[in-house]
Amino acid sequence: TRSDASAGGHAARDLAKSLRLANLPAAVTAYDQLVRNAPQGVSRGPGSAVATLGEALGRGNVGEARQIMPAAIQELRTARPPFVAGPPEDKTTLPVRFGGSLSVKA
């Protein structure tokens, strides 16, 4: 939602500022907020930049977190929601030439 995007933007700015100032507790808080408001479809699995950023913060490695942050933010910005299939196609109605349809339901 729009408020989630706004919260995510604030969290990204807070995270960047915290990392610049080497304020680990504030960076961890901002990261948690960022992940909580991440769009659906963001990969948080092993090897993703978002997960690697969290791991660096968990180890207290601010320098590594600074290096990973641009890739993590890029992942968050380009995330796509997972594919959701629509309802099954109704195969009981056949199109009829010149408009209308013919029902073949028994």
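Predicted model, so just to flag it, every value in this text is computed and none were measured. What's counted below: heavy atoms across the whole structure, side chains too, no hydrogens, waters or symmetry copies.
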What is the distance from atom CG of N61 to atom CD of E55, rounded to the nearest 0.5 Å? 11.5 Å

A65: which residues meet the side-chain contact (heavy atoms from CB on, under 4.5 Å) condition with it, sequence neighbours left out? L19, L53, A56, L57

Taking atom types as modelled and ignoring hydrogens, do the side chains of Q33 and R36 form a donor-acceptor contact shorter than 3.5 angstrom? yes

Side-chain donor/acceptor of E75 to backbone N/O of V50, under 3.5 Å: yes

Counterpart residues, salt bridge (Lys or Arg N to Asp or Glu O under 4.0 Å), relative to E64 (two or more places apart): R59

Answer yes or no: is there a side-chain heavy-atom contact under 4.5 Å between D14 and T29? no

Scanning both residues in full, the closest heavy-atom pair of A12 with I73 reads CB-CD1, 3.8 Å

Who are the side-chain contact (heavy atoms from CB on, under 4.5 Å) partners of A16, not counting sequence neighbours? R20, M69

